Each structure stands twice: as C-alpha cells, then as structure tokens.
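Fair warning: this is a prediction, and the values are worked out from it, not measured in the lab. Every chain is numbered from 1, with letters handed out A, B, ... down the list of sequences.
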Amino acid sequence: AQKITQTQPGMFVQEKEAVTLDCTYDTSDQSYGLFWYKQPSSGEMIFLIYQGSYDEQNATEGRYSLNFQKARKSANLVISASQLGDSAMYFCAMRPGGNDYKLSFGAGTTVTVRA
Amino acid sequence: NAGVTQTPKFQVLKTGQSMTLQCAQDMNHEYMSWYRQDPGMGLRLIHYSVGAGITDQGEVPNGYNVSRSTTEDFPLRLLSAAPSQTSVYFCASTKQGAGYTFGSGTRLTVV
C-alpha cells in the first residue's frame, strides 16, 4: 500500500496569511493521483484539490494550490489569504493509477487560523 | 440530492452486539469503500467493492463484513462489536473519471 506522510500534527496561522501543509508520499507507480481534503469540526470530508502524476502544471482551485514536486514525491498544499473558516483538519490522500481506486490517507494536519 | 447517504449518524453499542452501518449512493458509482477514522491515524480502508457482487479487504478488515448485492448499497456489518471498533466510519464512492464522494460519517461508540 502507498504510504502518505504528513509531518505537521498542528499549525497556527494568522488570518490573511498563507500557510503550507506538507505531504510526502511513497509509491513505485508511475501513474497516480493526489488529493487534499478538508474536514471541519462538523466532520464531513470536503474535496479541495487534485493533482495527477502526469499533470505538468501545479493544480490550483481558488485560494488552494498544490506545490507538486514529483522527483521529491512531495505534494504540499498552500492556502493563501487564510480565513477563520479555514480552521480544520486537512488530509493528503493518494490513489494508484489504472483501475485501482483505493485511497490512502495521511494522518492529517490541524490548522487553526487566528484573528 | 445526489450523493452518499450513511445511516445512522451516531450509535452506541455494547460489547458483543452486532449492527449494520448503511451506505447508499445514487450516482451509479461502481466503486464503494468503507473507512474508519481514528485520532492521529487518518482514514484507513476497511473493505471496498468494485461492483455489485465483488468485495475485497482493505487495510483493517478484521471484525467487519461487507456485501454488495446492488450497485447502490454497500452495508458494513459488525458481527460482535469490540471497544477497539469505537471510531468514526465513512463510506465513499467513485467511478472512472469522477472524484470521490464521502458520506457524512457514522460515529460509533462501543462500551
């Protein structure tokens, strides 16, 4: 199984500042997909952003961007202009390529945005 | 509304009791899966299914059974609940070319 590592259990960020959440992964596959999810205190899993291993451009979705460094097996999430509503747990996840849809998750990073 | 519906949202069981967590989706997704979420461990795959009649084990299958008689439904059964199964359970579905849709979760406590 793929291994996903998120080394930051918790982070504090000031409102309106940017924050980078680290994610590294271990796979021998050439084709794979990387996801970031947000889990607020209400508990639901909210999809944020996706990066395919063959995508040449880093993915962006509004205030979210993914800093994808394939050679380093790194897929860091950058949240720009943090808002109080960004306070949540964030999970990095990976699925293999082909017809394998099993998602592997990291342990998560809790982000707290301070006013 | 289209999506993944999980029931119940909360459940308290006594050790040794059995129960079924329900999961249904109306998006015609071939792939369905069950995860458990425990503090500090992210989500771990319990069982998954690639289509009706086909199921397989994930990372942590012990103590759980599944079946997939229809495309829409993928129930998770606890045959004899143990305190170690206290967790939050998520069902998710997807299909080729689609993202993953998660249910709202079931918080299970085994006492």
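- Per-residue heavy-atom pair counts under 4.5 Å with chain A were compared for B/E59, B/M41, B/Q37, and the maximum is reached by B/Q37.
- For chain A, the nearby part of B/T94 is the side chain; its heavy atoms alone come within less than 4.5 Å.
- Within the 6.0 Å centre-distance limit, the rings of B/F102 and A/Y37 are counted as a close aromatic pair.
- For B/E30, no part lies under 4.5 angstrom from a heavy atom of chain A.
- A salt bridge links B/R44 with B/D38: the distance from a Lys NZ or Arg NE/NH1/NH2 to an Asp or Glu carboxylate oxygen falls below 4.0 Å.
- Heavy-atom distances place the side chain of B/L45, and not its backbone, under 4.5 Å from chain A.
- With a 4.5 Å cut-off on non-hydrogen atoms, A/L103 touches chain B through its backbone and its side chain both.
- With a threshold of 4.5 angstrom between heavy atoms, A/F91 approaches chain B through side-chain atoms but not through N, CA, C or O.
- B/Y89 has its side chain within reach of B/L108: a pair of non-hydrogen atoms, C-beta onward, lies under 4.5 Å apart.
- In this structure, B/R107 forms no cation-pi arrangement with B/F10, as its terminal cationic atom is not both closer than 6.0 Å to the ring centre and no more than 45° off the ring axis.
- Using a 4.5 Å cut-off between heavy atoms, A/Q6 makes no contact with chain B at all.
- No close placement of the B/F74 and B/Y48 rings is indicated, their centers lying 6.0 Å or farther apart.
- For B/Y35 and B/F90, the distance between ring centers is not under 6.0 angstrom.
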